[in-house]
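Structure first, then comments.
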Amino acid sequence: VLDFGSPDSQVIARKVREYDVYCEIKPYFITLEEVEQLMPKGIILAADPKNPDAIGKMDFDILKLGIPVLEVSRNDLDIKDDDIDFLRIFLYFECQCTGNWTVESFINNSIEEIREKVGTGRALCALSGGVDSSVAAALVHKALGDKLICIFVDHGLLRKDEAITVEKVFKNTLDINLIKVDARERFLNRLKGVTDPERKRKIIGEEFIRVFEEEAEKLGDIEFLVQGTLYPDVLESGVGASGVVKSHHNVGGLPEDMNLQLIEPLKDLFKDEVRKVGTALGLPDDMVWRQPFPGPGLAVRILGEITEEKLNIVRNADAILQEEIKKAGLYRDIWQLFAVLPEMKSVGVSEKLGRTYSNAIIIRAVNSTDGMTADWVRLPYEVLGRISDRILKEVEGVNRVVYDITPKPPGTIEWE
Ligand code: XMP
């Protein structure tokens, strides 16, 4: 897929892959020699209606190679049932693709590649419990078995039962070599008295690297590091025509001076494909469909100082929220959903206690495609009502629930 600077290139590439045909996005200024080396079965020009002149800048000799070419924009691909499916015709008839790029073939090829690369060496993976690192670990484990060692740092800023689930799935179900580091006290101590959001993030990032390095040192010589980098991350680092949007930040910002070679088994996949691979590898739905969760965890959802008491409040409120949204069948339609504990109290009244002066919980639910912009979700009133009732009844120390209706921009998704 030749990218002329339109974000639609990704939509087009995903559409092609839905036909079980592998494709890659390349910038329009790719050279003739590079195309000859790749020898694709077909070329799709992903035109950018906002920048029609870009097409004139490509090397037209590429079009003379005898490779079938298609001229499309995203709208062309909005194919209705009774339309002639020209993309299928292009892929299967003109390009003679066979549609053999499936989840199973991807897994098998990856296993072979990883084994070849790693040989008799050992690989390390920082498991966060998120979709990407979980699927990457499961895939590499399939290739390397016990030669993969996963390190899971419980920094105490995780959601309810998260640490237990990760351990259960990876150690018990998948039989992965997992080192769980209980660093809860250590993180909480370092965060004591810290209220500035940027300082919090910095401390957590630094401490994470320190814990990880200490564990890695105990293990002795390791040559490889597994990372759950996805194709959109690769594209963002400047593979497409749009150039560098933001430099790729890896999970938790792992140590650079450890001299580890990277294994990035998901770097050709889009998120929906990663989920399919995860399911095929036997990961539970709960893990495969997990929403994005920031590295600094609940620390950016508790405003002001982090304390054990505040962590409990936000954790319990969050658990109720997730449960009710899942019950209502809305979970998979929402990009991110969480509870925030602001640094403020308000006056309330309770049958048991009379006048109260306690915490508020803010509920945030947003939809987004890439986290760069977002809109708040129009949750049904009845669902909001049930969530509010349960939080007020079940979470001690909360006497008020509010719903955040701020889009991004001007707000960010997280509160800190
Ligand atoms: P904001 O709050 O900037 O968040 O609108 C955009 C997306 O990024 C996630 N986020 C993070 N993810 N480490 C991460 O791995 C972080 O420090 C971090 N901060 C925000 C956020 O959850 C949302 O999906």
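For ligands, and for the atoms within them, numbers begin at 1 and follow the listed sequence. Keep in mind that what you see is a predicted model, and the values were worked out from it rather than measured.
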Study note, to complete from the structure: One finds that the ligand 1 atoms under 4.0 Å from a non-hydrogen atom of P296 are 13 (N), 16 (C), 17 (O)
Point to revise | Option nearest atom 21 (C) of ligand 1 (shortest heavy-atom distance, choices R301, E416, E414) | key: E414
Practice item. Take T356 and V347 through the side chain to side chain contact (heavy atoms under 4.5 Å, CB included) test and state the conclusion after the steps. Key: CA-CA 6 Å; T356 57; V347 174; over 6 Å; no
Review point. Counting only heavy atoms, which portion of M372 has something under 4.0 Å from ligand 1: side chain, backbone, both, or neither?
Key: neither
Practice item. Inspect the contact between D221 and R122 and indicate whether a charged nitrogen and a carboxylate oxygen are less than 4.0 angstrom apart. Key: no
**Study point:** NZ/NE/NH1/NH2 to OD/OE distance under 4.0 Å, K160 and E323
**Key:** no
Exercise for review: Please work out whether the ring planes of Y19 and Y92 are parallel, tilted or perpendicular, with thresholds of 30° and 60°.
Suggested key: perpendicular
Revision key, fill the gap. Looking only at non-hydrogen atoms, the one of G205, P294, S128 nearest atom 11 (C) of ligand 1 is P294
Point to revise | Non-hydrogen side-chain atoms of T406 and R364 separated by less than 4.5 Å | key: yes
Review point. Would you say R201 and ligand 1 have an N/O pair spaced under 3.5 Å apart?
Key: yes
Check your understanding: At a 4.0 Å threshold, what atoms of ligand 1 neighbour a non-hydrogen atom of K408?
Key -> 1 (P), 3 (O), 5 (O), 6 (C)
Check your understanding: By number and element, which atoms of ligand 1 are closer than 4.0 Å to a non-hydrogen atom of G371?
Key -> 6 (C)
Revision key, fill the gap. Within 4.0 Å of some non-hydrogen atom of T412, the atoms of ligand 1 are 1 (P), 2 (O), 5 (O)
Check your understanding: Quick check: does F293 get an N/O under 3.5 Å from an N/O on ligand 1?
Key -> no
Review point. With a 4.0 Å cut-off, would you call D286 and K326 a salt bridge?
Key: yes
Practice item. For A46, check side-chain contact (heavy atoms from CB on, under 4.5 Å) against everything at least two apart and list the hits. Key: V1, S9, I12
